[in-house]
Amino acid sequence: AETDIDINPEAFKFLDTRYCRVAGIDARVSRVTYTGELSFEFVVPTRHGLNLWEALLEAGKEYDITPIGSDTSMLLRTEKAFIAAGLEGDGYANIYDVGMGWVVAKNKGDFIGKRSTSRDINLGGPRPEIVGLLPEDSNFVPPKGAPILESDTADTSPDASRNMVGMVTIGFHSPNLQRSIALAQVQDGRSRIGDTINVYTKSRVVSAQICEPVFFDPDGERMRD
């Protein structure tokens, strides 16, 4: 689709926003990404949404453009360990638990959420930190919400979940890695990278290794180039 701005990476950098015309429609275009891929977000008046959609699909035919659904977006963001509100970012986890403490400006006198975050730090104790999981059976996809038990927990009864040290927040089979992966909350999980734990399901217990949560393109080259 034709546009009146330069979208080359040198002129339109990651996280930039431009006002322009796309396919003859006034639009606000942002170079942002939910999936970790090179992406652009278009904002246009509702009445022009279908026209823009059709223009983009027509322009992308020669590149085999393909619309994707929410499951594909969730898979891609899982490979990159992008945090999803309501899953990894639930009502209990704080900014440090999800591995994003780097966004907190420690020289600020006050900000929304500072009191709660400071309280968590001052209380101490184990926290539900976000980590990655690599199941021993690479074809087994850990289901969302599955309890995580210590590796020496042999009990497979329903009561075994009382010994849980975390839970799976999302799991997928990754075509990029050709194996199953998952994100999980694990008590003090970042200090346990390399450890083996058990993922408990109704049908069986599967061993998995705790790993760094970013599975693919750790330097973010695909979304910045």
Side-chain angles (χ1 to χ4, degrees), residues 33-36 70-103 116-117 120-121 123-220:
T33 180
Y34 178 78
T35 63
S70 56
D71 266 6
T72 301
S73 294
M74 287 293 279
L75 162 60
L76 292 169
R77 74 95 188 166
T78 299
E79 290 179 335
K80 296 283 294 184
F82 286 177
I83 302 305
L87 294 175
E88 295 79 31
D90 61 14
Y92 181 73
N94 65 41
I95 197 75
Y96 296 99
D97 298 336
V98 299
M100 295 183 64
W102 55 270
V103 305
S116 297
T117 302
D120 291 345
I121 294 173
L123 285 175
R127 295 293 306 174
E129 296 176 340
I130 300 302
V131 295
L133 294 181
L134 293 173
E136 185 179 70
D137 178 355
S138 61
N139 293 314
F140 170 77
V141 177
K144 181 168 59 177
I148 293 173
L149 315 176
E150 293 291 4
S151 60
D152 58 357
T153 303
D155 185 5
T156 59
S157 70
D159 289 339
S161 60
R162 295 178 182 175
N163 303 316
M164 64 185 292
V165 293
M167 71 172 185
V168 176
T169 60
I170 195 77
F172 281 102
H173 185 275
S174 166
N176 281 317
L177 301 174
Q178 298 185 349
R179 62 156 299 129
S180 58
I181 60 173
L183 295 177
Q185 292 181 338
V186 176
Q187 290 181 10
D188 292 337
R190 282 196 296 278
S191 67
R192 302 194 56 182
I193 301 298
D195 286 0
T196 298
I197 48 79
N198 286 336
V199 178
Y200 174 84
T201 70
K202 290 182 178 179
S203 60
R204 58 176 173 150
V205 175
V206 178
S207 296
Q209 185 182 57
I210 299 174
C211 64
E212 295 288 347
V214 182
F215 298 96
F216 185 67
D217 186 32
D219 296 325

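Keep in mind that what you see is a predicted model, and the values were worked out from it rather than measured.
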Next on the checklist: Can you tell me how far apart CZ (R204) and CG (D137) are? Round to the nearest 0.5 Å.
Outcome noted: 5.0 Å
Next on the checklist: Once rounded to the nearest 0.5 Å, what's the spacing between atom OG of S203 and atom CZ of F140?
Outcome noted: 6.5 Å
Item to check | Student check: side-chain heavy atoms of M74 and Y34 closer than 4.5 Å | outcome: yes
Checklist outcome for this item: Heavy-atom nearest pair, P218 first then V214, reads CA-CG1, 3.7 Å
Next on the checklist: If I take atom CD from residue Q209 and atom CD from residue E136, how far apart are they, to the nearest 0.5 angstrom?
Outcome noted: 10.0 Å
Item to check | Side-chain donor or acceptor of E129 paired with backbone N/O of R190 under 3.5 Å | outcome: yes
Checklist entry - Does the side chain of S207 come under 3.5 Å of the side chain of N198 through a donor N or O and an acceptor N or O? => result yes
Item to check | Verdict with reasoning, M164 to Y200, per side-chain contact (heavy atoms from CB on, under 4.5 Å) | outcome: CA-CA 9 Å; M164 64 185 292; Y200 174 84; over 6 Å; no
Next on the checklist: Using the rule side-chain contact (heavy atoms from CB on, under 4.5 Å), only one of L133, V131, L149 pairs with I197; which is it?
Outcome noted: L133
Checklist entry - SG/C211 to CG/L183 distance, rounded to the nearest 0.5 angstrom? => result 8.5 Å
Item to check | Exam field: side chain R179 to backbone S138, donor-acceptor pair closer than 3.5 Å | outcome: no
Checklist outcome for this item: D217 meets the salt bridge (charged side-chain N to carboxylate O under 4.0 Å, His left out) criterion, sequence neighbours left out, with K80
Checklist entry - Which pair of non-hydrogen atoms, one from A184 and one from I148, has the smallest distance, and what is that distance? => result CB-CD1, 3.5 Å
Item to check | side-chain hydrogen bond (donor to acceptor under 3.5 Å, both in side chains): pairs with one or both residues in residues 92-101, sequence neighbours excluded | outcome: Y92-R127, N94-D120, D97-R127
Checklist outcome for this item: Taking every heavy atom of I181 against every heavy atom of S174, the minimum-distance pair comes out as CD1-CB, 4.1 Å
Checklist outcome for this item: For L134 and F215 the tightest heavy-atom approach is CD2-CE2, 3.8 Å
Checklist entry - Between T169 (side chain) and L87 (backbone), is there a donor-acceptor pair under 3.5 Å? => result no
Checklist outcome for this item: Note: H173 and L75 closest approach over all heavy atoms is O-CD1, 3.8 Å
Checklist entry - At what distance, to the nearest 0.5 angstrom, does CE of M100 lie from CZ of F82? => result 9.5 Å
Checklist outcome for this item: Rounded to the nearest 0.5 Å, the CZ atom of R192 sits from the CD1 atom of I210 at a distance of 4.5 Å
Item to check | Heavy-atom pair of closest approach, residues P135 and S180 | outcome: CG-OG, 3.4 Å
